[in-house]
Amino acid sequence: MKSLLSARPTLWFLFLFHLVAAAVAPFVVDGAQGVATGAGMGAVSLGAGSALHPAPGGRDCPELPGSARGFQVLRSG
C-alpha cells in the first residue's frame with residue numbers, strides 16, 4: 001500500500017483532486033461545514049504537494065559529483 005501511495009501519479013491525483021475540492025467546498029456546502037471541509041481538503045492537498053517536491057540531499061535528489069550541496073553547477077566555456 002505504501003508503494004501505491006508514494007507513486008508520483010497517485011500523489012499528483014491527490015494533490016490536484018483535493019486542491020479543487022478545497023476550492024469548491026465552501027461554495028457547495030453551507031456554513032462552517034463547508035469551511036472545515038475546504039480546510040481539511042487543503043491540508044491533504046498540501047501534504048501530497050509537499051511529497052511531490054524532493055528534499056535536497058534526499059533519495060530523489062542524489063548528490064552530484066563535484067557539488068558540495070547536491071546541486072549541479074553549470075559552467076560556461
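Worth saying up front: this structure is predicted, and the values here are computed from it rather than measured.
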Students should find that the hydrophobic cluster of F17, defined by side-chain heavy atoms under 4.5 Å apart, otherwise consists of F13
Return all side-chain donor-acceptor pairs below 3.5 angstrom for residues 20-43, not counting sequence neighbours, or 'none' if the list is empty.
unit_1, atom_1, unit_2, atom_2, d
T37, OG1, Q33, O, 2.7

Value for CG (L14) from CG (L19), rounded to nearest 0.5 Å, stands at 12.0 Å
